[in-house]
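When a ligand or atom number is given, it counts from 1 through the structure's own listing order.
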Amino acid sequence: MAEAESDDVAFMRRALALGARGLGQTWPNPSVGAVVVRPGPDGPVVVGEGHTQPGGRPHGEAMAFEQAGALAAGGTLYVTLEPCSHRTVRGGTPCVERTMRAGVARVVSAIADPNPMIAGLGHAILRTAGIEVVTGVLAAEALRSHRGHILRVTQGRPMVTFKVARTADGYAGGPGGTRLAISSPEAGDWVHRLRASHDAIMLGIGTVLADDPLLTVRLPGLEIRSPVRVVLDSRLRLPLASKLVRGAQDVPVWVIAAEDAPVAAEIALVAAGCEVMRVGRGPDGQLDLRAALELLALRGITRVFSEGGPTIGEQLALAGLADEVIVTTSPQALGAQGVVAVRPGLAALLADPDIYAPAESGLVGRDSFQQFTRIV
Ligand code: AOF
Ligand code: ZN
């Protein structure tokens with residue numbers, strides 16, 4: 001029989017689940033979950049909970065304390081990231097101050113916030129105020145949940161999830177690159193939810209020219225959660241008549257081009273409501289992917305979802321930029337020579353236990369999926 005979880009682990013798990021609800025909505029901030037608990041006659045009782053709100057404020061702790069009111073006094077705050085200690089032009093009261101004012105006796109925090117403005121100061125201030133501070137509870141889970149924020153503040157790039165769908169015999173496309181309808185409808189909904197948990201969706205111009213995708217989140221109630229759509233388009237070939245450009249006023253379209261792309265195309269795309277940014281080319285002549293991601297991080301993006309196809313997936317992975325990799329497999333085989341979904345470079349990395357660890361796996365509709373997380 002599995003050992004019962006301690007209260008600390010159970011409440012932190014609840015805080016992580018709350019934080020996960022905001023993923024994709026809070027950039028440039030992390031999505032932090034917070035739970036306030038006080039002792040009751042039959043054990044601890046939740047008196048307030050919350051998570052970082054869309055756009056990044058109010059912070060998770062502020063939501064939880066707001067709900068708890070006076071009941072927080074003497075209780076415990078569970079929080080998935082070190083409470084902030086900084087004051088900014090945009091910010092209100094630092095969460096450490098709220099915590100002290102609420103009169104909690106104990107703070108259980110999963111991990112420190114590597115943001116140099118905080119970086120241990122939040123925990124230190126709380127301890128100095130006489131509050132007991134416990135850290136490291138479900139740290140691995142919190143590191144994964146806050147990976148986008150952590151990479152942005154420590155490495156100046158967002159985290160990247162790469163997803164590819166394949167047939168039972170391993171193909172993402174038909175002979176000569178023809179488009180295949182691989183995933184079941186259930187997997188379609190699941191992909192929309194995955195998209196919604198990221199700040200931006202990134203794809204290559206090849207896919208746009210072939211499929212004219214819309215790339216919004218089309219699930220009831222989640223439509224407003226459509227991430228920014230980023231197109232890697234070195235020569236600025238994105239058609240003004242594409243669905244992406246036609247919807248650019250409603251859901252942002254950011255186009256990343258090479259420095260030598262035609263200015264006239266940039267002017268036309270900007271007039272149509274897109275934003276155009278430029279990066280250099282790598283040694284292979286392709287857009288410098290790391291530089292492109294750095295541009296996104298500068299604009300506040302912490303989590304990028306790439307459905308860009310086998311080539312970009314392999315490039316991202318070889319450059320050490322594919323933090324999460326999701327492979328879905330349908331029960332049907334193509335039965336011909338198609339476009340290999342998991343290219344050899346990516347396959348080798350996924351099979352290397354020092355580089356990727358298997359994470360979630362399961363079924364979505366008729367399809368199976370496997371998720372791998374890059375070991376840091
Ligand atoms: C928390 N709770 O819910 C979040 C935190 O721009 P500001 O003033 O909102 O501060 C953002 C920084 O605060 C962000 O970069 C990250 O270090 C931390 N985020 N902290 O205590 C929260 N979202
Ligand atoms: Zn805060």
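Remark: among candidates Gly19, Cys95, Pro30, Gly22, the nearest residue to atom 23 (N) of ligand 1 is Pro30, based on non-hydrogen atoms.
If you number the atoms of ligand 1 from 1 as listed, the ones under 4.0 Å from a heavy atom of Thr52 come out as 3 (O), 22 (C), 23 (N). Remark: ligand 1 atoms within the under-4.0 Å shell around heavy atoms of Pro83 are 21 (O). Of all atoms in ligand 1, listed by their number and element, those nearer than 4.0 Å to a heavy atom of Asn115 are 12 (C), 14 (C), 15 (O), 16 (C), 17 (O). Atoms of ligand 1 found under 4.0 Å from any heavy atom of Glu61, numbered from 1 in the order shown, are 1 (C), 2 (N), 3 (O), 21 (O), 22 (C). Each of the atoms 16 (C), 17 (O), 18 (C) of ligand 1 lies under 4.0 Å from some heavy atom of Asp113. Near His149, meaning under 4.0 Å from one of its heavy atoms, ligand 1 places the atoms 14 (C), 15 (O), 16 (C), 17 (O). When each atom of ligand 1 is checked for a heavy atom of Gly60 under 4.0 Å away, the hits are 3 (O), 22 (C).
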For this session: Go through the steps for Asp199 and Arg152 under the test salt bridge (charged side-chain N to carboxylate O under 4.0 Å, His left out), then give the verdict.
Result: CA-CA 13 Å; Asp199 310 340; Arg152 180 169 173 265; over 6 Å; no
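Checking Val32, Ile118, Leu121 one by one against Asp113, the side-chain contact (heavy atoms from CB on, under 4.5 Å) holds for a single residue, Ile118. Looking at Ile111, Asn29, Ile150 one by one, the single match for side-chain contact (heavy atoms from CB on, under 4.5 Å) with Leu81 turns out to be Ile111.
Neither the backbone nor the side chain of His51 comes within contact range of ligand 1; no heavy atom lies under 4.0 Å. Contacts with ligand 1 closer than 4.0 Å are made by side-chain heavy atoms of His86 only, the backbone lying farther away. Both the backbone and the side chain of His59 come within 4.0 Å of ligand 1, judged by heavy-atom distances. By the criterion of a heavy-atom distance under 4.0 Å, neither the backbone nor the side chain of Thr26 is placed next to ligand 1.
Note: His192 NE2 to Thr216 OG1 = 7.0 Å, rounded to the nearest 0.5 Å. Atoms CZ and CZ, from Arg147 and Arg303 in turn, are 10.0 Å apart once rounded to the nearest 0.5 Å. The CD atom of Glu61 sits 12.0 Å away from atom OG1 of Thr93, with the distance rounded to the nearest 0.5 Å. Rounding to the nearest 0.5 Å gives a distance of 3.5 Å between CD of Gln53 and CE of Met63.
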Please tabulate, for side-chain N and O atoms in residues 271-285, each donor-acceptor pair with protein atoms closer than 3.5 Å (sequence neighbours left out).
| from | atom 1 | to | atom 2 | distance (Å) |
| --- | --- | --- | --- | --- |
| Glu275 | OE1 | Arg299 | NH1 | 2.3 |
| Arg278 | NE | Glu266 | OE1 | 2.9 |
| Arg278 | NH1 | Ala258 | O | 3.1 |
| Arg278 | NH1 | Glu259 | O | 3.2 |
| Arg278 | NH1 | Ala261 | O | 2.8 |
| Arg278 | NH2 | Ala261 | O | 3.3 |
| Arg278 | NH2 | Glu266 | OE1 | 2.6 |
| Arg281 | NH1 | Gly285 | O | 2.9 |
| Arg281 | NH2 | Asp260 | OD1 | 3.2 |
| Asp284 | OD1 | Gln286 | N | 3.1 |

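Note on ligand 1: Met117 sits outside its first shell, no heavy atom being nearer than 4.0 Å.
Between the side chains of Ser6 and Asp8, not a single donor N or O lies within less than 3.5 Å of an accepting N or O. Inspection of the Ser109 and His123 side chains reveals an N or O donor paired with an N or O acceptor under 3.5 Å.
Ring-plane geometry between His59 and His86 is classed as tilted, the angle between the planes lying from 30 to 60 degrees on a 0 to 90 degree scale.
Residue Leu81 has no nitrogen or oxygen atom sitting less than 3.5 Å from a nitrogen or oxygen atom of ligand 1, judged on distance alone.
The number of protein N/O/S atoms found under 2.8 Å from the Zn ion (ligand 2) is 3.
Between Arg21 and Glu49 there is no salt bridge, since none of the side-chain N atoms of the basic residue sits less than 4.0 Å from a carboxylate O of the acidic one.
No more than 12 heavy atoms of other residues, nucleotides or ligands sit less than 6.0 Å from atom CZ of Arg235.
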